[in-house]
Amino acid sequence: MSAAKTMEVLAASLDELLREARAVKQRATGTRVTWSPKVFIPLTHLCLDRCGYCTFAQPPARVQAPYLSPDDVLAIARRGERAGCHEALFTLGERPEERYPVARQWLAQHGCANTVDYLVAMCRLVQEETGLLPHANAGALHPDELARLREVSASQGMMIESLNPHLDAHRGSPDKTPARRLATLEAAGELRIPFTTGILCGIGESRHDRVGALVAIAASHRRHGHVQEVIVQNFLPKPGTAMHAAPPCPSDEFAWSIAAARLLLPADVHVQAPPNLSDDFGALLDAGIDDWGGVSPVTADHVNPERPWPAVERLRAETEARGFTLAPRLAIYPSFALDPGTWLDAALRFSVLDRSDAEGLAREPGDPWYSGADVEPPCLLPVPVPMAMTQSSAATAATSAVAEVLAGVALGHEVGVDEIVTLFSARGPEVAAVAEVADDLRRATVGDDVTFVVNRNINYTNVCTFKCRFCAFSKGPLSLNLRGKPYLLDLDEIARRVVEAEEKGATEVCLQGGIHPDFDGDYYLHVAEAVHAAAPCVHIHGFTALEVTEGARRNGEPLADYLRRLMAAGLKTLPGTAAEILDDEVRRDLCPDKITTDEWLDAHRTAHSVGLRSNITIMFGAIERPVHWARHLVRTRELQRETGGFTEFVPLPFVHMAAPMYLQRKSRRGPTFREALLMHAVARIAYRGWVDNIQVSWVKMGAEGARQALLAGVNDLGGTLMDENISRAAGASHGQEMDAAGFAALVDGLPGPRRLVQRTTLYDRFGRAHAGVPA
Ligand code: SF4
């Protein structure tokens with residue numbers, strides 16, 4: 001930090017400072033403002049220090065017990081768990097055992113030498129029993145104490161408060177000396193601990209003091225990269241404290257301090273102001289904060305009990321009214337969560353992963369939806385799009401990067417990787433705005449028909465030599481949770497199922513299965529011949545890029561020749577499965593022995609060249625990030641530009657329940673509903689002019705999820721799918737079959753003249769109405 005910069009900050013007018021801070025915030029975090037759903041666990045109110053502003057610290061006579069018992073701690077954590085919280089914030093007085101014999105006795109009775117011992121035990125208890133992520137706020141600590149807490153907490157914190165050593169507010173507080181505070185901050189960095197710190201404004205310090213503290217925090221962060229956020233907190237006098245008659249921090253001075261923090265701290269350090277200590281949330285946003293800190297739906301702010309947390313809905317409304325969006329985060333911020341090898345003890349990594357979305361933010365509290373679950377998703381559509389999303393409705397309204405991309409789309413621009421990543425970041429009203437654009441494109445591209453095909457899945461074998469780490473269907477050494485036995489259908493049984501499907505009105509059979517060690521390329525030829533002989537009019541949609549690539553390889557013949565022989569045997573189109581995420585960075589971990597990105601693309605390029613059309617799938621929500629989704633969309637769009645052979649795009653949200661990599665604690669629990677909905681909408685936008693049909697998988701999204709997808713760019717419901725085994729093997733609970741009446745019920749009540757229509761595999765319409773289908 002240059003001395004010139006600090007001089008500039010000190011010399012600037014408040015208006016100039018606020019304007020510059022807003023611009024820096026906009027560049028650093030756009031319109032996103034985060035909060036952490038937490039429970040507050042006040043482990044002990046006893047404290048060695050005697051800070052003049054504090055009501056948290058109490059003498060032993062004023063507390064029921066020196067420390068919360070393990071049962072009390074767990075009871076609070078469980079309340080938070082039930083309310084969908086992610087963070088367990090442990091706040092406590094500093095080293096009470098050095099001041100109070102009763103604290104020493106209590107700790108000794110509970111087998112602990114000191115408060116940090118007990119804190120470590122309670123963090124571990126909460127983490128193991130609830131999965132909540134402990135954030136330990138134990139004040140100034142020595143390196144060995146920080147290191148022990150690192151093993152049981154996702155992040156730690158300690159307010160610097162002020163580096164002025166002469167403040168009356170800190171008289172009698174040995175832990176509040178600048179040297180103790182800075183040593184703790186520095187040790188946390190050396191130990192690679194994601195760290196929260198902050199300054200307290202209005203306790204007698206000057207602007208120079210605050211700048212000094214911010215510059216010191218910035219310097220420590222530049223050395224270690226560990227400061228995830230800086231809290232800028234305003235002093236409010238409290239009755240019963242030494243500073244009860246001191247004036248509160250003036251609001252202008254507070255705004256100045258927030259803006260100074262935003263300007264003096266590196267851009268990757270987040271700036272937070274607690275919302276319960278101010279009445280004017282807009283002023284805090286205008287000063288450059290991008291985080292509201294922990295807000296608890298179940299516990300009080302025990303440090304400021306007279307100032308209750310705002311309801312999250314109020315926080316959301318006030319945030320959105322300024323043109324920002326509100327996103328939940330974990331105790332650990334995304335850049336740290338996405339680099340767990342550096343920043344997290346191995347024991348904490350799965351809890352972080354399990355609670356994360358693809359950006360490393362938190363899954364929405366109170367939304368239990370996951371792909372394949374029998375749980376209603378949240379209603380993200382339709383919701384009104386506020387003015388701030390479409391135009392700048394106030395002088396201070398923030399400009400949304402999502403809105404800027406959508407404005408480009410309205411002008412006909414094609415979105416690239418960066419723009420697609422931006423669209424996937426949409427939150428709150430931005431989601432509705434993306435969906436609205438996608439819905440308009442759907443209407444302009446394919447009209448109001450909602451199509452479906454009557455089909456049957458035939459998975460001829462679940463025996464597979466490959467070891468895709470997400471796959472719960474295949475039976476092999478990696479399967480941890482065998483749902484059913486290995487099987488291999490014979491050709492007669494396959495033919496019988498095809499005839500049965502045709503009798504029930506199916507026009508298509510979808511054939512895919514594991515890669516059986518005994519198969520050679522001729523197996524797939526025999527299957528196609530058997531199906532074609534049994535039902536010559538039924539469209540054979542079969543054999544993934546992996547199957548045909550492997551079949552050709554095992555036969556030792558060029559893929560194009562092999563595909564021509566399959567076509568001669570009756571094959572009509574290829575499914576786009578085995579794509580997973582078309583990015584080798586992800587495939588290395590997701591499906592290391594499967595075909596590469598280029599091999600998948602080459603298989604489809606070759607198929608298109610010999611006259612076989614195919615579709616694109618994406619299986620998302622396991623380990624990858626939005627940039628990988630964006631690359632997948634752009635790579636397949638490039639191939640479509642070259643060949644024109646893709647008929648549709650089919651998003652397949654990852655179903656985690658029985659997936660080996662989830663059971664091995666190495667994946668997320670699939671996409672959030674917001675992410676799943678956006679995948680359909682963003683694809684409609686990204687594929688504009690190239691892929692006309694966007695399909696929703698009702699098996700994975702559920703009926704209500706599919707209904708919302710139909711309002712977000714989707715025009716196709718896929719197949720009726722008698723016998724859908726693959727999603728069910730992964731734990732999906734939606735039915736194996738949906739009939740036309742079920743689809744009609746789903747389409748019923750959609751706004752606009754939407755109409756259910758049965759189609760062929762290649763999207764031709766049937767001239768006759770089918771049972772249960774409106775003509
Ligand atoms: S996804 Fe397919 S290739 Fe991979 S293990 Fe499962 S069945 Fe085998």
Side-chain angles (χ1 to χ4, degrees), residues 371-372 457-489 494 510-521 523-524 527 541-554 559 574-584 586-604 614-624 632 650-664 666-667 670 697 699-700 721 723-732:
S371 174
N457 253 16
I458 299 178
N459 308 122
Y460 24 78
T461 183
N462 61 356
V463 177
C464 187
T465 55
F466 285 83
K467 298 179 177 62
C468 302
R469 292 176 180 155
F470 59 85
C471 179
F473 171 71
S474 77
K475 300 304 159 211
L478 261 191
S479 299
L480 297 182
N481 184 7
L482 296 180
R483 295 164 66 99
K485 293 195 169 66
Y487 68 82
L488 172 61
L489 304 183
I494 293 171
C510 180
L511 304 169
Q512 50 191 332
I515 310 294
H516 198 289
D518 298 343
F519 288 176
D520 59 14
Y523 174 79
Y524 301 104
V527 170
H541 179 63
F543 314 133
T544 67
L546 175 67
E547 288 177 299
V548 295
T549 302
E550 195 60 17
R553 190 187 66 77
R554 291 185 184 188
L559 180 59
L574 287 192
T577 33
E580 325 313 353
I581 300 288
L582 290 172
D583 193 290
D584 291 339
V586 178
R587 297 177 87 80
R588 263 197 300 276
D589 292 325
L590 198 64
C591 45
D593 57 350
K594 205 168 200 165
I595 49 174
T596 63
T597 298
D598 282 346
E599 285 170 332
W600 188 95
L601 291 167
D602 276 346
H604 284 264
S614 65
N615 62 29
I616 307 160
T617 66
I618 184 169
M619 191 213 66
F620 63 107
I623 53 170
E624 74 296 340
H632 184 112
V650 190
L652 301 171
F654 171 56
V655 179
H656 73 284
M657 290 81 95
M661 68 187 318
Y662 183 79
L663 298 176
Q664 292 166 338
K666 288 182 179 154
S667 78
S697 163
V699 177
K700 302 197 193 265
L721 286 183
D723 310 319
E724 206 285 336
N725 287 331
I726 294 173
S727 299
R728 290 182 66 78

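Remember, it's 1-based here, ligands and their atoms both numbered in the order they're listed. Keep in mind that this is a model prediction, so the values were computed, not measured. FYI, side chains are in, hydrogens and waters are out, and symmetry mates aren't considered; it's all heavy atoms of this structure.
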**OP:** Only counting residues at least two apart or in another chain, list the ones meeting ring pair (Phe, Tyr, Trp, His ring centres under 6.0 Å) with Phe620.
**Re:** Trp629
**OP:** Please identify each residue that fulfils ring pair (Phe, Tyr, Trp, His ring centres under 6.0 Å) with Tyr523, with sequence neighbours left out.
**Re:** Tyr460, Phe519
Original post:
With a 4.5 Å limit on heavy-atom distance, are the side chains of Cys468 and Leu590 in contact?
Top reply: no
Subject >> Ser614 and His604: side chain donor to acceptor below 3.5 Å >> reply: yes
Subject >> Qualifying residues under side chain to side chain contact (heavy atoms under 4.5 Å, CB included), relative to Asp598, sequence neighbours excluded >> reply: Thr596, Leu601
**OP:** Taking all heavy atoms of Pro575 and all of Asn615, pick out the closest pair and write down the distance.
**Re:** C-OD1, 3.5 Å
**OP:** Using heavy atoms and a cut-off under 4.0 Å, could you grab the residues that are in contact with ligand 1, chain by chain, numbers ascending?
**Re:** Cys464, Phe466, Cys468, Phe470, Cys471, Ser474, Gly514, Leu546, Lys594
